[in-house]
Amino acid sequence: MKAIILISEASLPLAKTLQRELPDTLIYTKNECEGCISITSCHRFIEEHFNDFDSIIFIGAMGICVRSIAGCIKNKYKDPAVVCVDSTGRFVISVLSGHVGGANELTRHIAAITGGEAVITTQSDNAGLWALDTLAEKYDWKITVPHAEMNRLVTLFVNREPTVLLLDIKDKGTEYLERTLPAHVKVFYHFEDIPQSEFKLIIAVTPYIYSAEIPMLCFHPAVLHLGIGCRKQCDPSGIAEYIEAVMHRQGLCPFSLASLNTIELKKDEPLLEILHRRWADTETHIYPAEELKDITAPHPSEKAFEVTGVYGVAESTALKSSGEGTLVLEKQKGMLTEGNHFTFAIAVSATAMRGGHIEIVGAGPGDPELISVRGKRMLEKADLVLYAGSLVPRELTFYAKEGATVRSSAGMDLEEQFALMKKFYDKGLFIVRLHTGDPCIYGAIQEQMAFFDRYKMSYHITPGISSFQAAAAALRSQFTIPEKVQSIILTRGEGRTPMPEKEQLHKLAQSQSTMCIYLSAGIVEQVQEELMQAYPPETPVAACYKLTWKEEKIYRGELKDLAKIVRDNNLTLTTLLVVGEAIDNRKGLSRLYAHEFKHLFRK
């Protein structure tokens with residue numbers, strides 16, 4: 001909840017604007033103003049309600065703001081965010097709890113609303129350095145250092161003392177840190193490689209426990225998966241503490257536990273409840289034996305198989321939950337009281353493991369500026385860029401870093417492509433497979449993913465802008481018409497690849513939807529014939545050649561002339577055919593912005 005403290009009635013329009021833009025915001029003022037809550041004294045109100053709000057926004061003089069909050073301030077880990085906005089909205093000042101409380105972020109947000117200037121005095125923000133005290137919350141990591149020690153470590157960092165960044169796992173947070181590396185920070189991926197005498201601070205994102213000779217700030221990501229098996233009605237007393245002790249001896253941090261896992265047969269065991277209570281932030285996964293039968297446990301047990309149908313409950317459930325990652329703690333056997341046997345194992349998430357990775361990136365329709373921000377970042381970090389040379393402009397590969405290998409797949413068969421990618425992957429390198437448009441639309445990635453799955457390779461898809469979206473923009477057309485056309489069909493004609501009977505063009509055309517037809521310029525006569533079985537001959541069409549490329553050409557006409565348009569202009573590859581009344585339509589009004597139409601954000 002946010003509170004706006006309005007000092008002068010003259011700034012009421014500004015307060016109302018902020019209230020509309022900022023969710024869960026109430027306006028408090030000593031003046032009688034419609035829609036505001038009346039208070040007798042700003043100072044007394046703040047004194048009584050200071051910690052009732054996540055954020056407090058003063059609109060008025062900074063002196064009034066400071067005097068009102070002065071007696072309430074405790075520390076940055078407990079105080080709410082406090083922001084002061086001058087009466088015109090020209091200056092927005094972060095006053096209190098800039099990082100932890102979020103005042104700096106709120107200041108930038110308010111300044112964007114008012115068109116004003118954000119005034120932030122935090123050293124790390126102004127120096128372009130990481131806000132170490134907010135990283136854990138931002139990326140769902142855990143930290144164990146006390147507040148006083150955190151302040152000391154932050155001081156070392158912002159004073160630009162030589163710093164190590166240790167990353168022995170990967171996630172969104174580590175990607176951000178690598179991408180925004182300050183000049184005084186050097187990255188290492190193995191603790192034993194760090195020459196500690198050359199540095200003053202280590203910042204680590206790790207599920208492991210290390211003992212360093214210099215100050216160390218550890219962020220612990222939730223990437224460890226605990227598999228547990230036990231005898232029926234096992235006495236749970238002391239087992240959680242025992243597991244944590246073993247983890248500590250093996251250098252594994254309990255704060256990095258992401259999930260607690262067992263087999264369906266053990267779902268009602270008291271031990272499971274006690275462990276979940278101990279590690280309340282973990283997820284619990286219960287697996288049927290059928291889901292575990294194909295997972296190979298390194299230490300199989302015939303006895304376990306007789307009872308559960310699985311050769312190793314602890315190892316198989318840990319591996320299952322980790323996405324078949326790697327066991328960092330193989331099966332451990334324990335018995336704290338007579339007859340109460342239990343086993344446990346720990347695996348690290350497959351997606352968190354450092355090593356080779358393939359990013360399938362959608363290049364967009366062609367213009368290098370229409371690739372996504374993430375796609376561009378992936379190209380910038382890639383060791384190998386394998387791009388669809390016949391469909392993707394080479395200019396997109398100019399984002400690749402110096403020293404990267406850039407190859408076109410146009411002259412390669414699938415086996416050659418796989419061999420090249422696997423060669424780089426097996427070296428632990430980063431590969432971008434660059435496809436035109438969005439790779440999930442006629443991108444031929446299914447067979448590639450089958451290969452990656454077969455060899456248990458790490459991969460991810462970054463979507464891209466499809467040519468049908470580029471066509472709508474180039475045609476200045478909304479492909480849906482209120483109350484008339486509400487569907488867009490993405491399809492292709494029947495060429496060498498047969499179409500399913502139910503998806504043949506003349507059947508799809510019966511809906512009279514906007515139709516975007518890919519890969520079909522070479523069979524345009526057949527396409528036109530099928531479409532005219534359902535669309536009127538005068539239906540608007542567009543033949544769009546190399547959308548957003550330098551060579552882009554767009555030809556408009558009517559359906560009865562579609563084949564002639566394509567043939568007369570020699571349109572072949574990279575041509576998208578668009579059919580439907582939505583082309584150039586300007587009739588029909590959406591109710592979304594109608595004055596009388598009320599919804600969640602406009603009441």
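Computation of the quantities below employed the complete heavy-atom set of this structure, encompassing side-chain atoms and omitting hydrogens, waters and symmetry-equivalent molecules. Position 1 is the first residue of the sequence, and the numbers go up from there.
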Cys440 and Ile445: side chain to side chain contact (heavy atoms under 4.5 Å, CB included), yes or no, with the steps? CA-CA 7 Å; Cys440 299; Ile445 62 172; 4.2 Å; yes
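- At a threshold of 4.5 Å between non-hydrogen side-chain atoms, the residues Phe199 and Val164 count as touching.
- Within the model, atoms SG of Cys72 and CG of Asp79 stand 9.0 Å from one another, a figure rounded to the nearest 0.5 Å.
- Atom NZ of residue Lys142 and atom CG of residue Leu257 lie 9.0 Å apart, to the nearest 0.5 angstrom.
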Determine, step by step, whether His147 and Glu149 satisfy the side chain to side chain donor-acceptor pair (under 3.5 Å) criterion, reporting the C-alpha distance in whole Å, the side-chain angles of both residues, the deciding distance to 0.1 Å, and the verdict. CA-CA 5 Å; His147 295 331; Glu149 177 66 5; over 6 Å; no
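- For the atom pair Asn75 CG and Ser97 OG, the distance stands at 8.5 Å (nearest 0.5 Å).
- Relative ring orientation between Phe342 and Phe344 is described as parallel, the plane-to-plane angle staying below 30° on a 0-90° scale split at 30° and 60°.
- Side-chain contact between Phe50 and Val82 is present, with at least one heavy-atom pair separated by less than 4.5 Å.
- At least one donor-acceptor pair closer than 3.5 Å links the side chain of Ser372 to the backbone N or O of Gly375.
- In terms of heavy-atom proximity, Tyr287 sits nearest to Glu291 at CD2-OE1, 3.6 Å.
- Checked by atom type and distance alone, the side chain of Asp438 pairs as donor or acceptor with a backbone atom of Gly464 at under 3.5 Å.
- Checking Thr122 against Asn104 by side-chain atom types alone, a donor-acceptor pair falls below 3.5 Å.
- Between the side chain of Ser321 and the backbone N or O of Ala318, no donor-acceptor pair lies under 3.5 Å.
- Atoms SG and CG, on Cys234 and Asn340 in that order, are 4.5 Å from each other to the nearest 0.5 Å.
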Determine whether His225 and Ser259 satisfy the following criterion, side chain to side chain donor-acceptor pair (under 3.5 Å), listing intermediate values before the conclusion. CA-CA 5 Å; His225 303 269; Ser259 69; 2.6 Å; yes
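- Looking at Arg354, its side chain does come within 3.5 Å of a backbone N or O of Ile169 through a donor-acceptor pair.
- Proximity of the aromatic rings of Phe418 and Tyr425 is defined here by a centroid distance below 6.0 angstrom, and this criterion is not met.
- Within 6.0 Å of atom CD in Glu192, more than 12 heavy atoms from other residues, nucleotides or ligands are found, so the atom counts as buried in its surroundings.
- Shown are Met353, Glu175, His357; of these, the side chain to side chain contact (heavy atoms under 4.5 Å, CB included) with Lys170 is made only by His357.
- In this structure, Ser316 and Val310 approach most closely via the heavy-atom pair OG-CG1, 3.3 Å.
- The two residues Leu129 and Phe157 have their closest heavy-atom pair at CB-CE2, 3.7 Å.
- Applying the side-chain contact (heavy atoms from CB on, under 4.5 Å) criterion to Glu48, with sequence neighbours excluded, gives Arg44.
- The two residues Lys456 and Glu324 make their nearest non-hydrogen contact at NZ-OE1, 3.4 Å.
- Counting heavy atoms from C-beta on, the side chains of Phe191 and Asp193 never come closer than 4.5 Å.
- One finds the CD1 atom of Ile228 at 6.5 Å from the CD1 atom of Ile239 (value rounded to the nearest 0.5 Å).
- A donor-acceptor distance shorter than 3.5 angstrom exists from the side chain of Arg433 to the backbone of Leu386, with no hydrogens or angles considered.
- With hydrogens and angles ignored, the 3.5 Å screen pairs a side-chain donor or acceptor of Glu315 with a backbone N or O of Lys331.
- In the model, Ser68 has no side-chain atom that pairs as donor or acceptor with a side-chain atom of His43 under 3.5 Å.
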I'd like a table of donor-acceptor pairs (distance under 3.5 Å, sequence neighbours excluded) in which one partner is a side-chain atom from residues 200-224, with atom names and distances.
unit_1: Thr206; atom_1: OG1; unit_2: Asp168; atom_2: OD1; d: 2.9
unit_1: Thr206; atom_1: OG1; unit_2: Asp168; atom_2: OD2; d: 2.9
unit_1: Thr206; atom_1: OG1; unit_2: Tyr208; atom_2: N; d: 2.9
unit_1: Tyr210; atom_1: OH; unit_2: Asp168; atom_2: OD2; d: 2.6
unit_1: His220; atom_1: ND1; unit_2: Thr206; atom_2: O; d: 2.9

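- When only modelled atom types and interatomic distance are considered, Asp52 and His49 share a side-chain donor-acceptor pair under 3.5 Å.
- Using a 4.5 Å cut-off on side-chain heavy atoms (C-beta onward), Ile59 and Ile5 make no contact.
- There is a side-chain donor-acceptor pair under 3.5 Å between His435 and Gln448.
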Given the rule in the side chain to side chain donor-acceptor pair (under 3.5 Å) test, do Thr462 and Glu359 qualify, once you have shown the distances and angles that lead to the verdict? CA-CA 7 Å; Thr462 294; Glu359 191 74 18; 2.6 Å; yes
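- Not a single donor-acceptor pair under 3.5 Å links the side chain of Thr107 to the backbone N or O of Val92.
- Asn159 places no side-chain N or O within 3.5 Å of a backbone atom of Glu161 that could act as its donor or acceptor partner.
- At a threshold of 4.5 Å between non-hydrogen side-chain atoms, the residues Leu181 and Leu177 do not count as touching.
- One N or O on the side chain of Lys266 and one on the backbone of Cys230 form a donor-acceptor pair closer than 3.5 Å.
- Proximity of Val361 to Pro439: side-chain heavy atoms (C-beta onward) are nowhere separated by under 4.5 Å.
- Remark: Arg377 CZ is packed, more than 12 non-hydrogen atoms of other residues, nucleotides or ligands lying under 6.0 Å away.
- Taking the side chain as every heavy atom from C-beta outward, Ile358 and Phe452 approach each other to under 4.5 Å.
- The ring pair (Phe, Tyr, Trp, His ring centres under 6.0 Å) pairs that include a residue from residues 310-340 are Phe305-Tyr311, where partners are two or more places apart or lie in different chains.
- By the side-chain contact (heavy atoms from CB on, under 4.5 Å) test, Thr25 pairs with Lys2, Ile4, Gln19, Leu22, sequence neighbours left out.
- Applying the side-chain contact (heavy atoms from CB on, under 4.5 Å) criterion to His276, with sequence neighbours excluded, gives Leu260, Thr282, Thr284.
- Between Glu447 and Met449 there is no side-chain heavy-atom pair separated by less than 4.5 Å.
- Residue pairs meeting the side-chain hydrogen bond (donor to acceptor under 3.5 Å, both in side chains) criterion with at least one partner in residues 239-257, sequence neighbours excluded, are Glu241-Arg278, Glu244-Arg278, Glu244-Trp279.
- Within a 6.0 Å radius of NZ in Lys401, other residues, nucleotides and ligands contribute more than 12 heavy atoms.
- The line from CD1 of Ile46 to CZ of Arg67 is 13.5 Å long, rounded to the nearest 0.5 Å.
- Between the side chain of Asp54 and the backbone N or O of Met1 there is at least one donor-acceptor pair closer than 3.5 Å.
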Evaluate the side chain to side chain contact (heavy atoms under 4.5 Å, CB included) criterion for residues Thr163 and Lys186: first the C-alpha distance (whole Å), next the side-chain angles of each, then the deciding distance (0.1 Å), finally the verdict. CA-CA 6 Å; Thr163 299; Lys186 185 174 180 180; over 6 Å; no
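- Listed here is the closest heavy atom pair of Leu26 and Tyr28: CD1-OH, 3.3 Å.
- Remark: the Tyr77 side chain and the Asp133 side chain contain no N/O donor-acceptor pair separated by less than 3.5 Å.
- Taking both residues in full, the closest heavy atoms of Gly229 and Val313 are given as CA-CG1, 4.0 Å, listed atom of the first, atom of the second, then distance.
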